[in-house]
Participant: 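Have a look at this one.
We name chains A, B, ... by the order of the sequence lines, and we start the count at 1 in each one.
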There are 2 protein chains.
Amino acid sequence: MAEIIRGRKEQIIDAAAKLFKEKGYNASSMRDLAQTMGMEASSLYSHIKSKEEILESICFGMADKFLTAIKEVNDIYFNAEEKLRMAIRNHVQIITSHPDHSAMFIKEWRGLTEPKLSKFKELRDKYEHEFRVILEDGENEDVFDRVDKKFATLTILSAVNWINEWYHSDGAMTPDEIAKKLSDFIMGGLCKKFVTDPNYKP
Amino acid sequence: MAEIIRGRKEQIIDAAAKLFKEKGYNASSMRDLAQTMGMEASSLYSHIKSKEEILESICFGMADKFLTAIKEVNDIYFNAEEKLRMAIRNHVQIITSHPDHSAMFIKEWRGLTEPKLSKFKELRDKYEHEFRVILEDGENEDVFDRVDKKFATLTILSAVNWINEWYHSDGAMTPDEIAKKLSDFIMGGLCKKFVTDPNYKP
DNA sequence: CCTACCGATCGGTAGG
DNA sequence: CCTACCGATCGGTAGG
């Protein structure tokens with residue numbers, strides 16, 4: 001019984017994530033959501049407390065996924081380049097396996113109201129901070145250029161998040177191929193050059 | 001008389017852009033907008049036809065600005081690296097001088113309905129295409145690496161658009177400094193290396 | 001899970 | 001630019 005209810009709740013949340021990603025959270029009504037589930041809007045409330053509860057559970061659930069992934073990377077003592085490549089790989093992995101839920105974490109969280117909004121922003125900032133630590137490690141190891149870390153972090157995150165706008169599971173690239181290309185681009189940039197880093201292998 | 005009405009209309013549109021950027025288009029009501037203007041919601045309709053007309057005029061106005069800027073760059077025969085740096089500089093310039101209106105072009109256009117939605121998407125694709133042409137030029141000139149052009153275009157555009165999320169005119173960097181840093185990052189990536197391109201000057 | 005319904009708010013109009 | 005108001009739709013509840 002409890003399992004049936006929980007299962008149904010997850011179905012509703014998944015359907016909501018898909019709808020909210022397509023139309024936006026504010027533009028989606030509970031009646032829209034009910035229709036995709038083949039039920040009346042009022043029936044949704046047997047399983048969920050409110051519209052915002054859905055958004056909340058998705059946003060915080062994904063924040064947990066992203067944070068757990070990057071903390072694992074930072075705990076293991078690879079060098080900075082490996083760390084960054086791993087962090088990007090994990091990020092792409094999460095986005096491509098949960099594209100609808102990821103859209104809530106990346107952009108639809110704006111629909112949250114206080115005090116949940118502030119709580120969520122804290123988690124996002126934490127994730128950003130973990131990325132930044134990797135870049136700082138890289139500079140200390142003399143592997144990365146001495147760049148503006150905040151600037152570089154935001155630029156990298158914007159690139160990895162943009163994937164969610166164009167990725168479709170039937171596309172030509174696998175998640176790992178996407179992660180590889182993105183990492184190469186971030187490491188090496190666009191211009192031709194020879195890398196003289198000791199770790200470089202042609 | 002006509003000037004007074006037009007001036008008032010522009011004030012409303014500017015206030016709307018600011019409001020829509022902060023709260024999102026769908027989450028903003030005409031009553032919210034009226035309040036920021038110190039008038040009743042119904043009075044807005046003496047100056048504008050509908051809520052969507054506001055969004056439309058901003059989105060298409062900005063599309064025109066961005067397209068004009070990049071077409072100018074592509075018409076002048078600089079080399080590809082110069083073209084890309086110029087295109088990024090213009091893009092940053094437009095965003096930083098019209099941050100509210102730019103937000104409509106970058107994300108709030110989703111609030112448009114057909115047939116305007118499709119028309120707008122065409123213009124966005126055109127802008128993307130112009131960027132892509134620059135990357136193709138760069139490869140032909142043997143200045144850029146042979147990269148997936150669609151992939152690189154989207155990555156670059158995501159980075160330049162993300163500026164709109166964190167840029168404030170009282171920040172530490174000028175628009176040209178932002179453009180320079182971004183261009184350097186895109187050209188050179190994060191890793192240490194020596195550039196052997198003939199055009200390279202240390 | 002449904003029918004029936006609530007108060008609030010939405011974009012927008014009429015008429016001055 | 002305002003008052004007065006419209007039909008539609010919103011998130012959500014009561015009761016079964």
Participant: Side chain to side chain donor-acceptor pair (under 3.5 Å) with S118(A): which of K121(A), E122(A), K116(A), E114(A)?
Facilitator: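 Filter result, single survivor: E114(A).
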Participant: Name the closest nucleotide to the M39(B) side chain, picking from dC1(C), dC2(C), dC1(D).
Facilitator: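 Among the listed nucleotides, the one closest to the side chain of M39(B) is dC1(D).
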Participant: Answer yes or no: is there a donor N or O on one side and an acceptor on the other, between the side chain of N161(A) and the main chain of L157(A), under 3.5 Å?
Facilitator: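 Pair found, side chain donor or acceptor close to backbone of L157(A).
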Participant: Are the aromatic rings of F105(A) and F120(A) close, with centres under 6.0 Å apart?
Facilitator: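 Aromatic pair counts; centres sit under 6.0 Å.
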Participant: Using Watson-Crick and G-U wobble pairs with both distances under 3.5 Å, what is the 5'-to-3' dot-bracket string of DNA chain D, with [ ] for crossing pairs and | for pairs outside the strand?
Facilitator: ||||||||||||||||
Participant: Collect all protein-nucleotide pairs involving nucleotides 11-15 of chain D in which both atoms are nitrogen or oxygen and the distance is under 3.5 Å.
Facilitator:
from    : atom 1 : to     : atom 2 : distance (Å)
dG11(D) : OP1    : S28(A) : O      : 3.4
dG11(D) : OP1    : K51(A) : NZ     : 3.0
dG11(D) : OP2    : M30(A) : N      : 2.8
dG11(D) : N7     : R31(A) : NH1    : 2.8
dG11(D) : O6     : R31(A) : NH2    : 3.0
dG12(D) : OP2    : Y45(A) : OH     : 3.0
dG12(D) : OP2    : K51(A) : N      : 2.7

Participant: Is it the case that over 12 heavy atoms from other parts of the model lie below 6.0 angstrom from the CZ atom of R85(B)?
Facilitator: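 Yes.
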Participant: Would you say the ring centers of Y127(B) and H91(B) fall short of 6.0 Å from each other?
Facilitator: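 Close enough - the centres of the two rings lie under 6.0 Å apart.
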Participant: Using whole Å, what does the distance between atom C1' of nucleotide dC1(D) and atom CD1 of I12(B) come to?
Facilitator: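 Between C1' of dC1(D) and CD1 of I12(B): 11 Å.
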Participant: Calculate the interatomic distance between E40(B) atom CD and dC10(C) atom P; express it in whole Å.
Facilitator: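 So the two atoms are 13 Å apart, to the nearest Å.
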Participant: Go through the structure and list residues passing side-chain contact (heavy atoms from CB on, under 4.5 Å) with S158(A), not counting sequence neighbours.
Facilitator: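 Applying side-chain contact (heavy atoms from CB on, under 4.5 Å) to S158(A) gives S158(B), A159(B), W162(B).
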Participant: Backbone N or O of E130(A) within a donor-acceptor pair of the N74(A) side chain at under 3.5 Å?
Facilitator: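 Yes, the answer is positive, given that a donor and an acceptor are paired below the 3.5 Å cut-off.
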Participant: Measure the distance from CE on M37(B) to C1' on dC2(D) and round it to the nearest whole Å.
Facilitator: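 Atom-to-atom, M37(B) to dC2(D), this comes out as 16 Å.
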Participant: Are any of the side-chain heavy atoms of E165(B) and K107(B) separated by less than 4.5 Å?
Facilitator: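 A side-chain contact exists here, since the closest heavy-atom pair is under 4.5 Å.
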